[in-house]
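Here is the naming used below: chain letters follow the sequence lines, and residue numbers restart at 1 for every chain. FYI, side chains are in, hydrogens and waters are out, and symmetry mates aren't considered; it's all heavy atoms of this structure.
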There are 2 protein chains.
Amino acid sequence: MTLRASKATARVPDPSCRTVRITDVAAAAGVSAITVSRALNTPQLLSKTTLRRVLAAVDRLGYVPNLTAGALSSRRSRMVVAIVPTIASPMYAEALQAFTRTLAASGYHVLLGLGGFDSEDEERLITAMLGRQPDGVLLVGAVHSPTARRRLAEAGVPIVEIWGDSAEPLDIQVGFSHRGAGEAVAHHLCDNGYRAFGIVSSDDPRALERLDGFRAALERRGLSLLVQRLLPPPSTVLDGRRVLPDLLDALPRGAAVFCSSDMLATGLVIEARARGILIPDDLALCGFGDLDIGRAIEPALTTVSVDGNEMGQLAARCIIDRLSGRQIQQRVALPVEIVRRQTT
Amino acid sequence: MTLRASKATARVPDPSCRTVRITDVAAAAGVSAITVSRALNTPQLLSKTTLRRVLAAVDRLGYVPNLTAGALSSRRSRMVVAIVPTIASPMYAEALQAFTRTLAASGYHVLLGLGGFDSEDEERLITAMLGRQPDGVLLVGAVHSPTARRRLAEAGVPIVEIWGDSAEPLDIQVGFSHRGAGEAVAHHLCDNGYRAFGIVSSDDPRALERLDGFRAALERRGLSLLVQRLLPPPSTVLDGRRVLPDLLDALPRGAAVFCSSDMLATGLVIEARARGILIPDDLALCGFGDLDIGRAIEPALTTVSVDGNEMGQLAARCIIDRLSGRQIQQRVALPVEIVRRQTT
DNA sequence: CCTTCGAATGGTACCGCTACCATTGACATG
DNA sequence: CATGTCAATGGTAGCGGTACCATTCGAAGG
């Protein structure tokens, strides 16, 4: 058999791309590639001396492991996808931040996906993200596309849904009852003597669920909502200011308004003061989210406190624990608390 | 030679892991794997009929390409790393959001890294992130660790620094002059007759640079700063409220205070009103960032407007264009504008 | 007719790492 | 002394794609 060049010649090894590979480290340390791999991933398996020698070589050569190759080989990417409607809202941002930090401490990186589109885009986004072979997925809010839901379920990795309390979570759920929060606000207001009610809400599924809970609780007490204004998300302080006149037209003096966010409630407070309307005597307010601004505004907002930070952290813990094979709780319901300040 | 099992037997193909691979699609469509790859990546190379047949098979089997494998083989991950000090601040969140959305439209995904630690952690984070073989990197603020800087420079991918105007950017810079912004505020205040000045600033490198510019401009005019208070980031509205007494002690009536964020300035407005201090007559204020709350508060904040959204979008464009081989501008300086409202 | 050319498709060898076993040698055990 | 056990290390074969050519085939040109 004649000696000849292989039919399909090898891919040219680009000389400019002189990255250090695991085999370079192995050669430098006088060990095999697998030993270098172990030095970095499971150092307890190596003898002290070998470990030291390998780590010295890693340092000397400035070796940075190619995690893409590692992921392909080990089928563990150490990446987690987070799909969030927006990070412009401090509530979600806080949860995402805690999520990312907690995961980073265990060596996981977060792939950020911004949803908030139509169902078809959402499906494309989720599909593409799943193609990255994440070790887990965080979802804020429900996923509607059935194809996307099926793909998520079939991905075989932990899926955590936060901020919601859907009846049919895909896998793990860390949230609180939006309905229950709305009901609690209704009871708080009723118990404090208010008898006329309005709502200003962002037109967002979770806010609407709170609204439903609020209205249902009122109806059970024979009371009803006199006015309801929906605003396109994200809701801003300025939106709150602008919406006040509408509310005043529809409500008697001494009414109470439930706002779907502290932003809106803050706007109402500002506009009310500008018009000489007394809070809570002329108009009582309850916000949602317990944001910094609500604590700082004068009068300070009565609000519903939910801990976005804890939610993000818990979601991350769930994923980490599940991946380490520990048993976890599939449904975690966080408490929501009504913090009474000066607007009720 | 006796026939025996190969010495190192093949890795067991886990039967539970029945994911659809490119070869499955190829078999189903009666073409080779590479043709399927082309159907998804460079469809213009295929004939209409073959393309249709392959895409039908993709659909039928629910094939989701393994982007990890693709990245390893093609050396293009279609991932971009974004390292941000925090997303709790709406300024950075907005930029990151625009960045992520713009990249997503071109098929790139964002790997989120949260910095804001000490230099050693930062170095570890950046190293790990570079191990993911990103096609680009976004940095908010300067990277201090020299090792990290070297690694970034050697990564051979576009690096964009935003929100800053360091004299020695690693590669591309999209930002504005913090120093210049501070100077502009000083001039604005001087030109409007203010002669006594204070500053409340987050203890953050970029805010401090604005502070320096502010002070330098005052000194050139023979004026000087009477009081300067630094607060640990992130600055909140509540921080603003709390710091007011200190300022009042140190400043005469009619002084002007430059705040490093609209949050702080809003807190000052609220506390001032609570104490019956007139703004801008007793105390003038200038914020920074042009946030929603500053527009909505009464009196509305005079502030420095910078477009975080545009910065994120531009940064993304730079990366996309550079990766497509287009010529780009290495330094983009965004305008900063002083928006005069009611607090000066 | 043969040659040339370009469009369409395929074969092979990797990308850089790790799973799976095998191997080695020191030491304990019966 | 044979054997078993355990800790430490290595060899090989993928992981699932894509780059790099090669090949095929029909049409155009001489």
Side-chain angles (χ1 to χ4, degrees), chain A residues 4-14 17-27 29-54 58 61 63-78 130-133, chain B residues 4-14 17-27 29-54 58 61 63-78 130-133:
Chain A
R4 38 182 297 188
S6 73
K7 292 171 77 180
T9 49
R11 196 181 297 206
V12 298
D14 182 355
C17 143
R18 269 311 322 138
T19 68
V20 179
R21 285 181 299 273
I22 200 169
T23 49
D24 301 324
V25 178
V31 295
S32 70
I34 193 77
T35 301
V36 177
S37 173
R38 285 199 268 255
L40 298 171
N41 298 315
T42 51
Q44 71 279 8
L45 291 183
L46 297 188
S47 69
K48 284 256 175 277
T49 44
T50 310
L51 180 59
R52 201 168 36 237
R53 207 146 39 96
V54 172
V58 165
L61 300 184
Y63 172 61
V64 178
N66 181 329
L67 300 180
T68 299
L72 180 60
S73 180
S74 68
R75 297 152 167 284
R76 293 172 61 253
S77 64
R78 301 193 80 83
L130 288 178
R132 300 271 178 204
Q133 316 293 117
Chain B
R4 38 182 297 188
S6 75
K7 291 171 78 179
T9 50
R11 195 181 298 206
V12 299
D14 182 355
C17 143
R18 269 312 322 140
T19 69
V20 178
R21 286 180 299 274
I22 200 169
T23 49
D24 301 324
V25 178
V31 296
S32 71
I34 193 76
T35 301
V36 177
S37 173
R38 285 199 269 255
L40 298 171
N41 299 315
T42 51
Q44 71 280 8
L45 292 183
L46 296 187
S47 69
K48 284 257 175 276
T49 46
T50 310
L51 180 59
R52 200 167 37 236
R53 206 146 39 95
V54 173
V58 164
L61 300 184
Y63 171 62
V64 178
N66 182 328
L67 300 180
T68 300
L72 179 61
S73 180
S74 69
R75 297 152 166 286
R76 293 173 61 253
S77 64
R78 300 192 81 83
L130 288 178
R132 300 272 177 203
Q133 316 293 118

Look at the side chain of [X] and decide which nucleotide, out of [options], has an atom nearest to it.
{"X": "A:T19", "options": "C:dG16, D:dG17, D:dA19", "result": "C:dG16"}
{"X": "B:S73", "options": "C:dA19, D:dA8, D:dG16", "result": "D:dG16"}
{"X": "A:N66", "options": "C:dC17, D:dG16, C:dC15", "result": "C:dC17"}
{"X": "A:A69", "options": "C:dA8, C:dC17, D:dA19", "result": "C:dC17"}
{"X": "A:T35", "options": "C:dA8, D:dG10, C:dG10", "result": "D:dG10"}
{"X": "B:I22", "options": "D:dG17, D:dA8, C:dG11", "result": "D:dG17"}

Which side-chain N or O atoms in residues 36-44 of chain A pair as donor and acceptor under 3.5 Å with protein atoms at least two apart or in another chain?
| unit_1 | atom_1 | unit_2 | atom_2 | d |
| --- | --- | --- | --- | --- |
| A:S37 | OG | A:N41 | ND2 | 3.4 |
| A:N41 | ND2 | A:S37 | O | 3.1 |

To the nearest angstrom, the CZ-C1' distance between B:R76 and D:dA19 comes to 12 Å
Please name all residues satisfying side-chain contact (heavy atoms from CB on, under 4.5 Å) with [X], sequence neighbours left out, ordered by chain then number.
{"X": "A:R53", "value": "A:V31, A:T50"}
{"X": "A:T68", "value": "A:N66, B:T68, B:A71, B:L72, B:Q133"}
{"X": "B:R52", "value": "B:T49"}

Just jot down the side chain to side chain donor-acceptor pair (under 3.5 Å) partners of B:S32, sequence neighbours excluded, or say none. B:T35
What residues in residues 37-45 of chain A put a non-hydrogen atom under 4.0 Å from any atom of DNA chain C? A:S37, A:N41
Under 4.0 angstrom between [X] side-chain N/O and [N] OP1 or OP2:
{"X": "A:R75", "N": "D:dG16", "answer": "yes"}
{"X": "B:T68", "N": "D:dG16", "answer": "no"}
{"X": "B:Y63", "N": "D:dG16", "answer": "no"}

Under 4.0 Å, counting only non-hydrogen atoms across every strand here, what does A:T50 touch: a base, just sugar-phosphate, or nothing? sugar-phosphate
So what does A:L46 hit on the nucleic acid, given a heavy-atom distance under 4.0 Å: a base, only sugar-phosphate, or nothing? sugar-phosphate
Please report how far the helix from C:dC1-D:dG30 to C:dG30-D:dC1 bends, comparing the axis fitted to its first five pairs with the axis fitted to its last five, to the nearest 10 degrees. 50°
Check: B:A69 main-chain N/O paired with B:S73 side-chain donor or acceptor under 3.5 Å: no
